[in-house]
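Worksheet: the structure to be examined is printed underneath.
The model shown is predicted, which means the values in this text are computed figures rather than measured ones. Letters A, B, ... mirror the listed sequences (proteins, then strands); counts begin at 1.
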2 protein chains.
Amino acid sequence: MLEQTPTDGPAGARRAQKSRTLWVFEQLRAEILDGRLNPGARLHLAALADRHAVSLGAVREALSRLAADGLVLVQDRRGFRVSPVSIADMRDVTATRIEIEGLALRRSIERGDAEWEAGIVAALHVLVRATPGLITDPVLAKPTWVGLHERFHLSLISACGSPWLLRFRQTLFEQSERYRALLVAYAIGGRDISREHQEIAAATLDRDADRAVDLLAAHFNTTTAMLEQADRSGASILSSEAS
Amino acid sequence: MLEQTPTDGPAGARRAQKSRTLWVFEQLRAEILDGRLNPGARLHLAALADRHAVSLGAVREALSRLAADGLVLVQDRRGFRVSPVSIADMRDVTATRIEIEGLALRRSIERGDAEWEAGIVAALHVLVRATPGLITDPVLAKPTWVGLHERFHLSLISACGSPWLLRFRQTLFEQSERYRALLVAYAIGGRDISREHQEIAAATLDRDADRAVDLLAAHFNTTTAMLEQADRSGASILSSEAS
DNA sequence: TCCCCTGCGAAAATCGATTATATTACCCAA
DNA sequence: TTGGGTAATATAATCGATTTTCGCAGGGGA
């Protein structure tokens, strides 16, 4: 009854406030998103529990939540595995994402106020400053860039007013990130991302919905096309190997 | 080693083949969808475990999966509760559903073949036969009608070719069902649903995408409008009471 | 030689007890 | 009488052991 500190635990509260389940959930999510866990790999409950120093139940619950986001596949009685990837799925993710995010962008353009505009300008500025001109060595690109990139895209659609659209967008965004991580591993540089972002922001602030959505679609399609090309020429990135 | 029947369990295998977790998951899902569990109600782990005769862990995992579908809200360290309802959420669900399902319908109209058309005709026929003209006593409407209704709507968009669109549609459909169940409890009859369905099917088979989507939107909006009206006039259906 | 059946080992699923945390009720002092 | 703090209780979170199930290898029969 002594460690029951009234306000908060100042001492050894390194990771307190967070349930163990949430902890492994975030760990595993990150590992899947940046490709440390291969698509299709089997997820051994016991091994994961041991590695992250938690019980089976915690791992099980974390994996269930990941399955909900489509990052993990659960086969009744046969355990969990990382969701496989495929070109067909990547195309579907991209196409659906264009529709969803395009919809959200149109709504934001209709409804956004001055504060929304300010958010875009701010996010774009920070992002461009963090982008080193052309991406030459994407492998070493700071992980912060990924966060800033997401923030920029979120700022574009933040005024859409639909929690459900944003929720679906988030799911598709995570799926896209997974494919992008695979691409980065085999990356080909020579793409002026900053310019693309600036053009999208400009069209949005001009309230030119059609043009903004077109640019956004092209932005997404370029990444997908690059990955498709890399898959065809190079080794088969998009095969779901087991671990 | 004796009850290990080769083909299937003929004897006392009432719920075999299914994991306990899946069992409670389906039970709870059904209870939430048809309103037996009130929106906002707290979900006592121990009570649920006792009621369904399973362990805490099973209930916990089932609730986690429900949370993924947005039917249950999980508050870290403070347990689970049935997702609350609100007019704002209902409007968002309806509007987003119109967009998603409209999109899927357009794609189906573009890509659908003869077999797709046949599926629509068949589903419509069965549904209309099961619909007793005007719905006068929806409370007693056979639960099968709900299944046939879903099947009809699924048949319309089955040719869209996008698993992700279908996935999101499913999520929104479940949310809508929950609101519809609340409406049924206070139902007002006098709506010619069969006619609406027939018109949607006709426009779809004519490949008139714009008209089909408009009719579909009206179909969804009518239900929402009725519930909004019922909420304003009658008791506050859309308040999230605890159990 | 090929296929089906039976046993063995590994892994997932389940459980109930234990621990940590939040909420409530209560008491004392101002 | 009221507000703040403390103890008591309820409940969620966690764990490790146990049970059940699945996949595979070996043997027997066609």
Distances for protein N/O vs nucleotides 14-20 of chain D N/O pairs under 3.5 angstrom?
unit_1 : atom_1 : unit_2 : atom_2 : d
D:dT14 : OP1    : A:R20  : N      : 2.3
D:dT14 : OP2    : A:T21  : OG1    : 3.0
D:dC15 : OP1    : A:R20  : NH2    : 3.2
D:dC15 : OP2    : A:S55  : N      : 2.9
D:dC15 : OP2    : A:S55  : OG     : 3.4

*asked:* Just to verify, what does A:W164 make a side chain to side chain donor-acceptor pair (under 3.5 Å) with, not counting sequence neighbours?
replied: B:D89

*Atom CG of A:L45 to atom C1' of D:dT21: distance rounded to whole Å?*
14 Å

*Counterpart residues, side-chain contact (heavy atoms from CB on, under 4.5 Å), relative to A:V74 (two or more places apart)*: A:A67, A:F80, B:R65

*To the nearest Å, give me how far apart CG (A:L43) and P (C:dA12) are.*
9 Å

*Does any non-hydrogen side-chain atom of B:M90 lie less than 4.5 Å from one of B:L227?*
yes

*How long is the line joining NE2 of A:H44 and P of D:dC22, in whole Å?*
17 Å

_Of all pairs that satisfy salt bridge (charged side-chain N to carboxylate O under 4.0 Å, His left out), the ones with a partner from residues 156-167 of chain B, not counting sequence neighbours_ = none

*Short side-chain N/O contact to D:dA12 OP1/OP2 from B:R78, under 4.0 Å*: no

*asked:* Holding to side chain to side chain donor-acceptor pair (under 3.5 Å), I want the full list of residues that pass it with B:Q170, two or more places apart in sequence or in another chain.
replied: none

*In whole Å, what is the span from the CG atom of B:L48 to the C1' atom of D:dA12?*
13 Å

*Where the side chain of A:R42 is defined as all heavy atoms beyond and including C-beta, which of D:dA12, C:dA11, D:dG23 is the nearest nucleotide?*
C:dA11

_Pairwise salt bridge (charged side-chain N to carboxylate O under 4.0 Å, His left out) hits with a residue in residues 27-40 of chain A, at least two apart_ = A:R29-A:E174, A:E31-A:R51, A:D34-A:R36

